[in-house]
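One structure is given here, and the rest of the page talks about it.
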Amino acid sequence: MKPSIPKGTRDFSPQEMVRRNYIFDTIKQVFQLYGFLPIETPAMENMETLMGKYGEEGDRLIFKILNSGDYLEKSKIQSPKFEELDYKKFTSEISEKALRYDLTVPFARYVVQHQNEITFPFKRYQIQPVWRADRPQKGRYREFYQCDADVIGSNSLVNEVELVQIMDEVFRRLNIPVIIKFNNRKILNGIVELAGISLDKINFILEAIDEFDKINRDIALDKLIDKGFNEEQINKLKNILYQLMDDVHPNMDDLTENVFIKALDKIFYQKSEIGSKGVIEINEINKVLKLLFGNRIHMMSGLISKEPSQSYNINVKQEDRIYLHNDISLARGLNYYTGSIFEVKVDKSRCKSEFTSSICGGGRYDDLTGIFGLPNVSGVGISFGADRIYDVLNELNLFPESVSASTKLLFVTFGETEQNYCLPLLAKVRKAGINSEIYPDAKAKMKKQMSYADDKKIPFVAIVGSDEMNNGLLSLKNMTSGEQTKATIDTIIETLK
RNA sequence: GUGGCUGUAGUUCAGUUUGGUUAGAGCAUCGGUUUGUGGUACCGAGUGUCGUGGGUUCGAGUCCCAUCAGCCACCCCA
């Protein structure tokens, strides 16, 4: 049998794991810096916990786990003709568990289940794999890690601002230039409402908006006729959207006077309550961001990202800027989002990346716990895609050199006597906190031992033969420079510390 | 769920157009040059049901059909 692993899954070798841990550690440190504490939940959840939370598409992509035992025997479905079988019904008969699809829904379940032990607002982070039965492709895996931070039990928009800070901080530490986009579901709902379109058709509108940068916007919107929209609805949409695209420009001198936001406000004023509410929210977030970051903010706004314009203070160095985009076309995120929505993308204008998928996303969900029996608890969170971040860091060559070396010192010996002499010394080195090891096969040739050090990128080798044992001076070789000196074990410890 | 591309050694690929004896190369691995010195150099070695099944043919890695797997794009998403 030829060994292999399922499509869309990967093995991680030591070098990759060291690098992955660098990402996890960076994210974890920032989460903790902002007061989030870790939890973990099981890889599998009950089927009904997951089903119906991610939309129709999501349900299809959930990995189902087959019941153990003779499920045909246990199934209550009685001898239906094969053609008449409803696969959904049948699935629920033979499968009661599924692999988690994201970390947010299991978290909501956790919160409801442990509500009496939890102090609200509850800030948790969670770094675990999730599974999706999607067709794998570039940047898309069937098993991948999400790194989530959520605040539940607080309506304050300060949470949103803190999450923006976290996104900025994480990517700043990782040296990835990004644009943080945010929008509000209520604004989208408002636009749809004003056009007299029912909410469940919102996805068609968003698809059309998405096409604006590919094809003529008139054509994109006129195509909506085929989806069952009437001319009046389409004209209203055009009216609203074109106004937002053509008449406004961001004004960063005073974010609270953001012309784009004002235009939105005017559109919704006394016409759409939900839309107005969305504008108030996004404006409030902008205001607090302005308070925190001042003229470091480089704000873009509009339907599709326009030229950055002079909307930032030229005295602020590029690396200090935080690139934000009030992107009204942003609708990403799962079905359960009700307010703010976030998405982070690599800023291709500041690096040569080919990566177009989002590397972080999130939003506010007002009633996810309600489904599990705890209503009126609002939560907001973000999720970093560790695997995609890995791909970006790899592509841009941004992994620090030091993360690939872990062992600092290797003892090379010529036989059992030397090995026995070294073992206590090795223990001493380790006690000093220096990662070190000894080549286990005492009779191995020197070349073999040296190659081992070389392969593992171990920077120092202590060579011990009879000379060294006699006078207590070990030969310490610097593997990078090739230099070799004689030193006592204590001096070596001091050098490597 | 829809569409496109690709399956040959551990790995990356050549060979397929135009069927012809024993299927090649780089890298990696292992051994040696060198029994106290790695990363360089030189020498040597091993490895393949040519994805699988069937068909055409005197003859198939090569042509035809089916099937499986992988990659990429759409949809959607981290």
Side-chain angles (χ1 to χ4, degrees), chain A residues 1-10 13 23 27 54-62 87 100-104 126-148 167 170 203-204 206-207 210-211 214 330-335 337 341-346 354-363 381-392 410 412-415 418 439 443-469 474-484:
Chain A
M1 192 191 91
K2 198 172 183 175
S4 68
I5 53 176
K7 192 200 316 211
T9 64
R10 291 134 323 139
S13 301
I23 297 172
I27 293 173
Y54 310 103
E56 206 175 314
E57 177 80 1
D59 283 356
R60 206 169 51 79
L61 299 179
I62 292 172
Y87 91 95
R100 63 167 168 255
Y101 179 87
D102 72 351
L103 300 178
T104 311
Q126 189 170 355
I127 298 178
Q128 288 191 274
V130 303
W131 293 268
R132 294 183 188 175
D134 212 349
R135 287 237 180 131
Q137 53 184 279
K138 201 187 194 77
R140 168 169 307 186
Y141 307 100
R142 287 186 148 179
E143 177 184 60
F144 61 96
Y145 272 72
Q146 290 194 326
C147 314
D148 277 37
M167 291 186 265
V170 166
N203 282 337
F204 292 119
L206 298 166
E207 276 167 33
D210 246 16
E211 284 183 312
K214 290 178 210 140
L330 171 64
R332 308 276 166 176
L334 293 320
N335 264 12
Y337 292 128
I341 331 172
F342 302 105
E343 181 174 282
V344 179
K345 287 199 162 175
V346 178
E354 294 300 316
F355 214 82
T356 43
S357 309
S358 62
I359 51 178
C360 179
I382 48 169
S383 180
F384 291 85
D387 306 80
R388 286 182 176 179
I389 292 172
Y390 181 97
D391 291 343
V392 172
L410 174 78
V412 167
T413 61
F414 294 99
E418 287 88 345
Y439 197 86
K443 284 180 192 141
K445 285 181 187 166
M446 185 139 202
K447 180 181 171 115
K448 185 138 187 142
Q449 302 193 45
M450 295 299 280
S451 306
Y452 177 80
D454 201 50
D455 282 346
K456 279 190 86 171
K457 297 195 166 52
I458 299 172
F460 292 95
V461 167
I463 301 161
V464 181
S466 48
D467 286 358
E468 284 84 355
M469 278 167 62
L474 313 188
S475 298
L476 181 69
K477 177 157 183 167
N478 180 328
M479 293 297 277
T480 323
S481 63
E483 242 177 301
Q484 194 164 318

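Residue numbering restarts at 1 for every chain, and letters A, B, ... go by the order of the sequence lines. All values below were derived from every heavy atom in this structure, side-chain atoms included, with hydrogens, water molecules and symmetry-related copies excluded.
- Counting only distance, with no hydrogens or angles, the side chain of A:Gln449 and the backbone of A:Met446 share no donor-acceptor pair below 3.5 Å.
- Between A:Ile458 and A:Leu410, the shortest heavy-atom distance links the atoms CG2-N, 3.8 Å.
- Between B:U22 and B:G26, the two C1' atoms lie 22 Å apart (nearest whole Å).
- In this view, A:Asp134 and A:Arg140 satisfy the side-chain hydrogen bond (donor to acceptor under 3.5 Å, both in side chains) rule, not counting sequence neighbours.
- Judged by centroid separation below 5.5 Å and plane tilt below 30°, A:Phe384 does not stack onto the base of B:A78.
- For A:Arg10, the side-chain hydrogen bond (donor to acceptor under 3.5 Å, both in side chains) partners are A:Asp387, not counting sequence neighbours.
- For A:Arg60 and B:U2, the CZ to C1' distance is 10 Å, given to the nearest whole Å.
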Where along nucleotides 30-39 of chain B does protein come under 4.0 Å, by heavy atom, of base (B) or sugar-phosphate alone (S), with - for untouched nucleotides?
-SSB--BBBB
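- For A:Gln146, the side chain to side chain contact (heavy atoms under 4.5 Å, CB included) partners are A:Asp102, A:Leu103, A:Val130, A:Arg132, A:Phe144, A:Asp148, A:Ser383, not counting sequence neighbours.
- No side-chain donor-acceptor contact under 3.5 Å links A:Thr9 to the backbone of A:Ile5.
- The ring-ring contact (aromatic ring centres under 6.0 Å, His included) search around A:Tyr452 returns A:Tyr439, not counting sequence neighbours.
- Going from the C1' atom of B:C50 to that of B:C58 covers 22 Å, rounded to whole Å.
- The two residues A:Val461 and A:Ala453 come nearest to each other via the heavy atoms CG2-CB, 3.7 Å.
- Between B:A69 and B:C27, the two C1' atoms lie 25 Å apart (nearest whole Å).
- Considering only residues two or more places apart in sequence or on other chains, A:Ser481 meets the side chain to side chain contact (heavy atoms under 4.5 Å, CB included) condition with A:Asn478, A:Glu483.
- Look at the P atom in both B:G36 and B:A25: the space between them is 36 Å, to the nearest Å.
- Residues that satisfy the salt bridge (charged side-chain N to carboxylate O under 4.0 Å, His left out) test with A:Asp391, not counting sequence neighbours, are absent from this structure.
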Which atom pairs link the protein and nucleotides 66-71 of chain B when you take only N or O atoms and keep those under 3.5 Å?
residue: B:G70; atom: OP1; partner: A:Lys7; partner atom: N; Å: 3.1
residue: B:G70; atom: OP2; partner: A:Lys7; partner atom: NZ; Å: 3.3

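- The strand RNA chain B forms stems, runs of 3 or more Watson-Crick or G-U wobble pairs with distances below 3.5 Å, at B:1-7 with B:68-74, B:10-13 with B:24-27, B:29-33 with B:41-45, B:51-55 with B:63-67.
- Under the ring-ring contact (aromatic ring centres under 6.0 Å, His included) criterion, A:Tyr390 pairs with A:Phe399, sequence neighbours left out.
- For A:Arg132 and B:A78, a side-chain-to-base donor-acceptor distance below 3.5 Å is present, hydrogens and geometry of angles not being considered.
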Run the side chain to side chain contact (heavy atoms under 4.5 Å, CB included) test on A:Arg388 and A:Ser358 for me, step by step, so that the C-alpha distance in whole Å, both residues' side-chain angles and the decisive distance to 0.1 Å come before the verdict.
CA-CA 8 Å; A:Arg388 286 182 176 179; A:Ser358 62; 4.0 Å; yes
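- Take A:Glu57 and apply the side-chain hydrogen bond (donor to acceptor under 3.5 Å, both in side chains) test, not counting sequence neighbours, and it matches A:Arg60.
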Write down the protein N/O and nucleotide N/O pairs, taken from nucleotides 45-47 of chain B, whose separation is under 3.5 Å; answer none if there are no such pairs.
none

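- Backbone-only engagement by A:Cys360 is indicated by non-hydrogen atom pairs under 4.0 Å involving sugar-phosphate atoms exclusively.
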